[in-house]
Every structure is written in structure tokens, then in C-alpha cells.
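Contents: one structure, followed by commentary.
In what follows, chains carry the letters A, B, and so on, assigned in the order in which the sequence lines appear, proteins first and then strands, with residues in each chain numbered from 1.
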Number of protein chains: 2
Amino acid sequence: MPKNLQQELRGSMPSTLGIKGNPNAGPKTQFLEPIELEVIHIFVQAAQILGLPKSVGEIYGLLYCSLDPLTFDEIMRLLKISKGSTSQGLRFLRNIRAVNTVYVEGNRRDHFVAELRLRNLSAGFLRERIMPHLENGEERLTDLQKLLEDSPPEKRKILEERMGYLHTWNKKARGLLPWVLKFIDT
Amino acid sequence: MPKNLQQELRGSMPSTLGIKGNPNAGPKTQFLEPIELEVIHIFVQAAQILGLPKSVGEIYGLLYCSLDPLTFDEIMRLLKISKGSTSQGLRFLRNIRAVNTVYVEGNRRDHFVAELRLRNLSAGFLRERIMPHLENGEERLTDLQKLLEDSPPEKRKILEERMGYLHTWNKKARGLLPWVLKFIDT
DNA sequence: AGAATAGTTCAAGAAAAAATGAACTCGATG
DNA sequence: CATCGAGTTCATTTTTTCTTGAACTATTCT
């Protein structure tokens, strides 16, 4: 179970989609406008709530308010972040399907676009980041039953009851996820 | 809007409840048993998912598997954490109503017990930690509308649409909370 | 094949968050 | 009203997490 982002980032990655970007898009501006900065800020905050690094929020925010797909370099330059952060941030965002790559004619570089549909975003996040934790928790709970066996009887009874609650919680949480997805489905 | 836990901890605190603990409870053991360590570990992990400090998970975990209310000192000693962490951890947990204080006859010290009902726990967490973020987000979004006004028309149209999505998200998220609470109500 | 381009990796440095503990507050006690 | 006990505060230290950038890999171009 990955404990921090860097570890988690060393995971798999989805392949490029076949969607076409706008091949006529000219060279992007060199600077971010106030609106863009503000939108980015919102996503940086959101990232912090979710326990993600600032750079991830920045990248997603930038793509969220960009009218055209952006390249690796553009993202790096506009946000003034390092190659490493750009690479890792994009990787993470692609893993959770918050960002997709699109093919742009006559250009070798990857072009990135934000997934705008809330449902897909949440689904990716829940699938990649929440579910694994819940499943791991379930395992640990099961292992715990064994330890419980050689526990003084008075104590054991109460502990067993409380472990039961934990199981229920875990099950509920997992049952909740599909429901949440349905609810937020636009 | 508090950015880290230490800041947030400098908040209000609910008062002691009138529930009675067991006044006959003898002196607690000096060491934690394997089961207890394991339960605590589960809560430490959970704390990490939620972006809370380890110590908070430890304290809640300890109280979760304790048969009797514990005092400040006992918590500190059993977990081998500092006075400061104990104080702040307990404060946070009381703020979100994950822990309550109970009165124990003839003993001046506070005695702490874990809230075992999932619903109350989640409610506290959502109310104290999630809602404020969502509300703040809504404000920022509203402010953003103004910035949008002096934006080039072609761009403006698309951005307005996307800001609209954000509003919808926010509203949905806030609408989701009561529903989640109902779902997890045992 | 060799050079150039595009992106990845990861050790090391920087920044942020959490833990510590000494000084402090506040109420109870003699 | 001075002292003690119980807990809080917050500047400092420690730990954790994020960012950086140089070295590396893979792919395209000539």
C-alpha cells in the first residue's frame, strides 16, 4: 500500500486517447491571467483538502481553464514548476483519469486536456485512492480477529463487538462509493 | 480558513457531558497489548487518509479499544506522546465530537471516551472539516464571476460555462453530505 | 548509426506539517 | 492568598512530504 504520493506515482499509466485536439491552435500566451490564476488557486485548495500536492492542483487547474490542449513544456513554463513535478503531476492526474492526452496532428509532443466531467473525475479518484485503502483496511480487520482469540474473556467480548462495528463501517463505506457516484452523475 | 491542523486546533471546544464513567475502574495497565496496537494502527491509517496527524489516529484508536474512560495522563503515557500532542489531539477529537469527556466521581481529571457511533463521528468530521471548505469554495467562485467580466468574449463564453460546472459541483457536493449521513446512519 | 527531442527517474535540497516541552493559565485546595 | 494540579499554548525541533534538476531512457529524425 503506497503511503505517499511519490510511491503511488510509480504505478501504471493509461494510454493516449484517440481524440483530436485543435491542430490550428497557435502558440499559447506566456503568462497567466488573473482569472486563470484564480481558477488555479481554487484547484490548489481542493488538492490540499484531498491531500494532494500543490503542483497537482496547479496542473489540473491550468488545464481546466485552458481552451486548447497544452503540452508538457507549456504547462511547465506557465506554472513555473520543474520538469520533475510536471512529469509526476501529470502522471498522477492521468492515473486517476483527471487528465487525458490527445493527439495533435503533426506534433510529436503529448497534449494534455482536463477531464471536465465531475463524475469521471470522482470515479477515478475514488477508485485509485480510496478503494485501495478500504480494501486494505478490511484485510487488517480480518487479521485482527486472530489476535482477538487469546484475549481475556471479559475484554474479548466487548472488543469483538467493537471490531464488528469496524467491519460494518468498512462495508458501509465501500457500499457508499457507487452510490456517491450515482448521485454526482451529471 | 485554517490551512493546517495546528491552526485549526486553535478553535472552540464543546463542554464536558454529564455521562458517568465507571468510578470503580482500577489503575490501567502500563502497556498496550498486540490487539490494541493493531486497532490503533488501523486508526492511524484512517487518519492519514483523512489528512489528520498520526497522533490523532493514535488517540482515537486507543480510546476506541479501551473499556474504560482514560485520563489525559494515561493517554499520554500509553501512547508515549507529548503533553502538547495529547492536548491538541484531544482537542481536535472533541471538536469533531469523535471523543467526549465523562465525569468520574471523586476525580478531578478529565476522562475521555471514544464516540463509537459512525454516524456521529462522520457528522462531526463533515461539519467541521469539509463544509467550511465547500463554503469557502463557493465564495471564491462567486468572486470569480467578476474577474470574468473583463475577459475576451470568445474565451469568456467557454470559461463561463466551465465556472458554471464548478458551481454545480460545489452545490452537488454540499447536497451530498446530508445524504451520506443518512446512508451511514446505523 | 548518431543526434535531437520528449519525457522519466530519483537523490538531494526546500518547504510544510506535526511533535515536543518549557512556560503559562486557570481553577481548586489548604 | 499562595501553592498545587491539570491542562493549554506556542516557539523550537523533528519528521514528513514536495520540489528540483541532472542523469537517464525511449523515440523520432537525418
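Whole-Å rounding puts the F92(A) CZ to dT17(D) P distance at 15 Å. If you measure from atom CG of L93(B) to atom P of dA18(C), you get 14 Å, rounded to the nearest angstrom. We find that CG of L79(A) is positioned 17 Å from P of dC18(D), with the value rounded to whole Å. When the P atom of dC24(C) is taken as reference, atom NZ of K83(B) falls 13 Å away, rounded to whole Å. For the pair D110(B) CG and dC26(C) P, the interatomic distance rounds to 16 Å; values are reported in whole Å. One atom, NZ of K80(A), and another, C1' of dG21(D), lie 18 Å apart when rounded to the nearest Å. Rounded to whole Å, the distance from NZ on K54(B) to C1' on dT17(D) is 15 Å. The CD atom of Q88(B) sits 14 Å away from the P atom of dG21(C) (whole-angstrom rounding).
Classification of E149(A) and R156(A) as a salt-bridged pair fails, no side-chain N sitting under 4.0 Å from a carboxylate O. No salt bridge links E74(A) with R109(A); every basic N to acidic carboxylate O contact stays at or beyond 4.0 Å.
Comparing L90(B) and T86(A), the nucleotide of DNA chain D nearest to each residue sits closer to the 5' end for L90(B).
Taking side-chain N and O atoms only, S55(B) has a distance below 4.0 Å to OP1 or OP2 of dA19(C). Phosphate contact (OP1/OP2 of dA26(D), side-chain N/O of R108(A), threshold under 4.0 Å): absent. Residue S87(A) places no side-chain N or O under 4.0 Å from the OP1 or OP2 atom of dG7(C).
A donor and an acceptor atom never sit less than 3.5 Å apart when one is taken from the side chain of R109(A) and the other from the base of dT5(C).
Shortest non-hydrogen contact noted between E58(A) and I81(A) is OE1-CG2, 3.7 Å. Contact detail for E115(B) and R97(B): the closest heavy-atom pair is CB-O, 3.5 Å.
For S85(B), counting side-chain heavy atoms from C-beta on, the closest listed nucleotide (dT20(C), dT20(D), dT8(D)) is dT20(C).
Between the CG atom in N100(A) and the NE2 atom in H111(A) there is a gap of 14.5 Å [rounded to 0.5 Å].
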